[in-house]
Amino acid sequence: MNELMEIRRKKLQDLIDSGIDPYGGKFERTHHTKDIIDRFEELEETEVVIAGRLLSSRTHGKASFADLEDGKGRIQLYVRVDQVGEAAYELFNKLDIGDIVGVRGTVFRTKRQELSVRVKEVTVLAKSLRPLPEKWHGLKDVELRYRQRYVDLIVNPEVREVFVIRSQIIQALREFLIERDFLEVETPMLNVIPGGANARPFVTHHNALDMDLYMRIAPELYLKRLLVGGFEKVFEIGKNFRNEGISTKHNPEFTAVEIYQAYADAEDMMKLTEELFATIALKVKGTTEIEYGPHKISLAPPWPRIPMLEAVKQYAGVDLTGLSDEEARQLAKEKGLTIKPNASYGAVLDEFFDTFVEPNLIQPTFITEHPVEVSPLAKRKKDNPQVTERFEPFIVTWEMANGFSELNDPIDQEQRFRSQMEQRASGDDEAHMMDEDYIRALEYGMPPAGGLGIGIDRLVMLLTNSPSIRDVLLFPHMRPRILD
RNA sequence: GAGCCAUUAGCUCAGUCGGUAGAGCACCGGACUUUUAAUCCGGGUGUCCCGCGUUCGAGUCGCGGAUGGCUCACCA
């Protein structure tokens with residue numbers, strides 16, 4: 001323990017010795033600091049009771065100033081020895097930055113026009129035993145900011161703001177869907193067969209049943225079972241878990257919304273996507289014109305739509321139309337792409353797209369008509385069964401969402417699963433597993449439907465101009481490390 | 001998983017050529033009854049991320065490791 005902490009422990013003991021409970025209980029406030037600032041004229045010279053954390057202090061001998069911050073703002077405290085008495089004044093001056101206190105006093109304005117509270121009584125509510133980072137530079141060390149987010153939140157107000165906006169985004173999303181008659185549901189996160197995405201799952205174990213379970217990688221197959229069951233418009237907001245690498249755009253657990261609408265198709269879901277992004281931006285930012293890094297982005301609908309094959313033709317200057325698997329692989333090699341030896345035509349197209357097209361998609365753009373091999377849950381296009389009625393909107397080069405006309409043909413679905421199983425057998429551990437019960441559900445009849453999944457963390461990154469997913473996660477995943 | 005970079009006081013950061021470890025803020029003591037990055041006087045509080053090595057001598061050089069950041073790979 002360092003000297004600074006020893007000094008605070010000593011002060012803690014002094015409080016206890018003088019009969020003061022350093023960790024007080026319920027404290028009745030009459031106002032928040034923000035009320036005093038917003039309604040100063042009305043409250044001037046009236047008594048208020050407020051509470052919060054001391055963030056700075058300026059002592060001047062027989063008078064002292066300090067700043068008190070609560071959940072909604074900050075206000076200056078002013079204490080004079082001739083108004084509170086020697087004992088209370090000494091107690092006040094012994095408080096540390098970081099201590100949580102309750103204050104009774106009157107509202108006034110100082111000579112320098114600072115809105116303040118003239119303290120009459122101070123109650124210690126929580127003695128702080130660790131020093132806070134300095135007020136001017138705050139906490140910069142990103143590792144400490146993520147590991148000790150509570151400290152980051154105390155000293156960096158702009159960080160707090162990001163998480164307020166995150167909450168507003170999710171609220172706006174929920175309102176948007178509920179207004180349109182979607183039903184919010186919850187489906188299992190502990191899965192016997194993880195499905196709905198190509199991803200490696202986390203494995204866990206149920207002791208009483210003595211069986212391994214998987215953390216879900218997507219709620220998709222459950223939500224479509226609900227369409228079978230007769231719910232026509234459903235959505236779920238929740239965590240997905242994928243046992244993959246960590247990066248500025250990937251966290252092992254991330255939040256997504258999945259939306260399903262019976263009797264709709266990919267076209268309807270694209271319209272819903274555009275409208276949803278624009279509505280949320282308007283509600284949270286007040287405009288559909290936003291800035292991300294150096295880019296000015298317009299989220300106003302409609303967004304352009306480009307079939308994947310077209311996009312590759314346009315940006316890579318390569319036409320893959322009608323090529324066989326072998327021809328496609330050959331072309332990939334010529335262009336210097338690294339592909340798996342047995343890569344399908346669809347996988348090659350996907351690779352061309354990732355390399356040559358994706359980095360150019362700054363403004364919102366729907367990429368459509370993904371190959372059937374990489375879209376095992378999407379309905380085939382009527383006039384070209386090699387591609388699907390699928391779309392992915394890209395903004396600032398990121399895939400923001402994924403949607404399609406849902407495959408509701410149980411026989412085709414079973415074949416798609418079998419083909420996935422083959423890929424799995426040949427070493428692709430991200431390929432889908434066979435889900436017999438899902439096939440069974442489809443056999444009862446699922447209405448044609450449009451589906452959409454949106455990565456909420458990326459949406460929040462976009463709308464808060466955050467360069468890393470860790471900046472929009474309160475507690476991003478870190479390797480464990482014990483701080484001193 | 002690979003490459004590059006970083007790690008020095010509670011925080012933000014300097015540290016030259018390898019020669020006794022520095023600043024600001026915070027903190028402690030003193031002065032000060034309207035300050036607001038208060039001011040003035042005095043005080044440096046340290047496992048220089050860890051280990052091994054080179055050297056008369058390592059914060060500094062070499063090797064290994066830890067953690068983090070960025071890029072790549074995988075993915076959303």
Side-chain angles (χ1 to χ4, degrees), chain A residues 1-8 10-11 55-67 74-84 89 94 96-98 108-116 118 128-148 151-152 154-156 196-200 217-218 239-258 338 340 350-351 354 358 374 392-394 398-402 428-430 453-459 461 467-470 476 478-484:
Chain A
M1 194 181 337
N2 67 45
E3 192 201 351
L4 296 177
M5 286 180 62
E6 280 171 15
I7 289 164
R8 289 189 176 216
K10 168 80 167 55
K11 288 179 176 176
L55 281 189
S56 64
S57 71
R58 297 171 289 285
T59 60
H60 289 258
K62 294 189 168 58
S64 296
F65 297 89
D67 295 317
R74 181 186 293 202
I75 198 155
Q76 176 170 266
L77 304 178
Y78 176 56
V79 192
R80 297 170 56 123
V81 64
D82 57 7
Q83 288 177 346
V84 296
Y89 188 73
K94 273 198 170 173
D96 286 308
I97 288 171
F108 79 114
R109 192 195 289 272
T110 65
K111 278 181 193 163
R112 300 290 179 89
Q113 302 307 306
E114 178 83 7
L115 307 188
S116 307
R118 190 183 285 111
S128 166
L129 297 178
R130 287 181 181 269
L132 286 171
E134 65 149 311
K135 56 193 165 189
W136 196 241
H137 296 92
L139 185 64
K140 287 244 171 61
D141 184 312
V142 288
E143 183 178 352
L144 287 180
R145 287 187 43 225
Y146 297 150
R147 284 189 195 282
Q148 297 189 268
V151 178
D152 192 28
I154 292 170
V155 300
N156 295 324
N198 290 78
R200 287 211 302 273
I217 54 177
K239 287 279 180 73
N240 294 336
F241 306 87
R242 299 191 185 172
N243 206 339
E244 286 155 0
I246 296 175
S247 78
T248 51
K249 288 170 196 63
H250 301 85
N251 196 62
E253 54 179 296
F254 65 98
T255 304
V257 59
E258 288 203 8
T338 49
K340 290 173 187 160
D350 215 27
E351 190 59 37
D354 287 351
E358 218 177 83
V374 296
E392 289 179 315
F394 284 80
W398 312 333
E399 183 189 339
M400 298 295 301
N402 182 20
D428 181 359
D429 53 5
E430 293 180 357
I454 301 171
I456 289 184
D457 307 294
R458 287 185 184 178
L459 174 60
M461 286 170 70
S468 169
I469 195 169
R470 299 180 198 98
M478 303 284 274
R479 282 190 159 89
R481 185 175 152 200
I482 296 170
L483 302 170
D484 76 272

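The structure presented is a predicted model; accordingly, all values stated were derived computationally and were not measured. To find a chain, count down the sequence lines: A is the first, B the second, and so on, and within it residues start at 1. These values consider heavy atoms only, across backbone and side chains, with no hydrogens, waters or symmetry-generated copies.
Look at A:Phe65 and the base of B:A38; the rings do not stack under the cut-offs of 5.5 Å between centres and 30° between planes.
Within the shown strands, nothing qualifies as a pairing partner of B:A38 under the Watson-Crick or G-U definition with both distances less than 3.5 Å. Pairing partner, B:G3: B:C70, with both Watson-Crick or wobble hydrogen-bond distances short of 3.5 Å.
The residue A:Arg80 sits close to a base: some heavy atom pair falls under 4.0 Å. A:Gly138 comes within 4.0 angstrom of sugar-phosphate atoms only, judged by non-hydrogen atoms across all strands, and of no base. As judged by a 4.0 angstrom heavy-atom cut-off over every strand, A:Asp350 is placed among residues making no nucleic acid contact. Across all strands shown, A:Lys10 has no heavy atoms under 4.0 Å from either base or sugar-phosphate atoms. Heavy atoms of A:Arg112 sit under 4.0 angstrom from at least one base atom. Base engagement by A:Asp82 is indicated by at least one non-hydrogen atom pair under 4.0 Å involving a base atom. Among the heavy atoms of the strands lying under 4.0 Å from A:Ile97 are primed sugar atoms or P, OP1, OP2 only; no base atom is included. Residue A:Thr248 is in sugar-phosphate contact alone, with no base atom involved, counting any heavy-atom pair closer than 4.0 Å across all strands shown. Residue A:Arg130 is classed as having no contact, given no heavy-atom separation below 4.0 Å to the nucleic acid. Within 4.0 Å of A:Gln76, counting heavy atoms only, lies at least one base atom of the nucleic acid.
Between the P atoms of B:A23 and B:G42, the separation comes to 13 Å (whole Å). B:A2 and B:U45 have their P atoms separated by 42 Å, given to the nearest Å. Rounded to the nearest Å, the gap between the C1' atom of B:G3 and that of B:U8 is 26 Å. The separation of B:G24 from B:G43, taken at their P atoms, amounts to 12 Å, rounded to a whole angstrom.
In this structure, the CZ atom of A:Phe108 is 14 Å from the P atom of B:U36, given to the nearest Å. As a whole-Å value, the separation of A:Leu139 CG from B:C25 C1' is 14 Å. A:Glu3 has its CD atom 15 Å from the P atom of B:C11, to the nearest Å. Taking atom CE on A:Met5 and atom C1' on B:G10, their separation rounds to 10 Å, with Å as the unit.
In summary, A:Asp457 and A:Lys249 do not engage in a salt bridge, as defined by a charged side-chain N under 4.0 Å from a carboxylate O. Of the charged side-chain nitrogens involved, at least one lies within less than 4.0 Å of a carboxylate oxygen, so that A:Glu143 and A:Arg147 count as a salt-bridged pair. Note on A:Asp82 versus A:Lys62: no salt bridge recorded, every NZ/NE/NH1/NH2 to OD/OE distance being 4.0 Å or above.
Ring centroids of A:Phe254 and A:Phe241 are separated by 6.0 Å or more, keeping the two rings apart.
By the neighbour-count criterion of 12 heavy atoms within 6.0 Å, atom CZ of A:Arg109 is densely surrounded, having more than that number from other residues, nucleotides or ligands.
Closest to the side chain of A:Lys111, out of B:G24, B:U34, B:A76, is B:U34.
Under the 4.5 Å side-chain criterion, counting only non-hydrogen atoms from C-beta, A:Ile217 is not in contact with A:Asn243.
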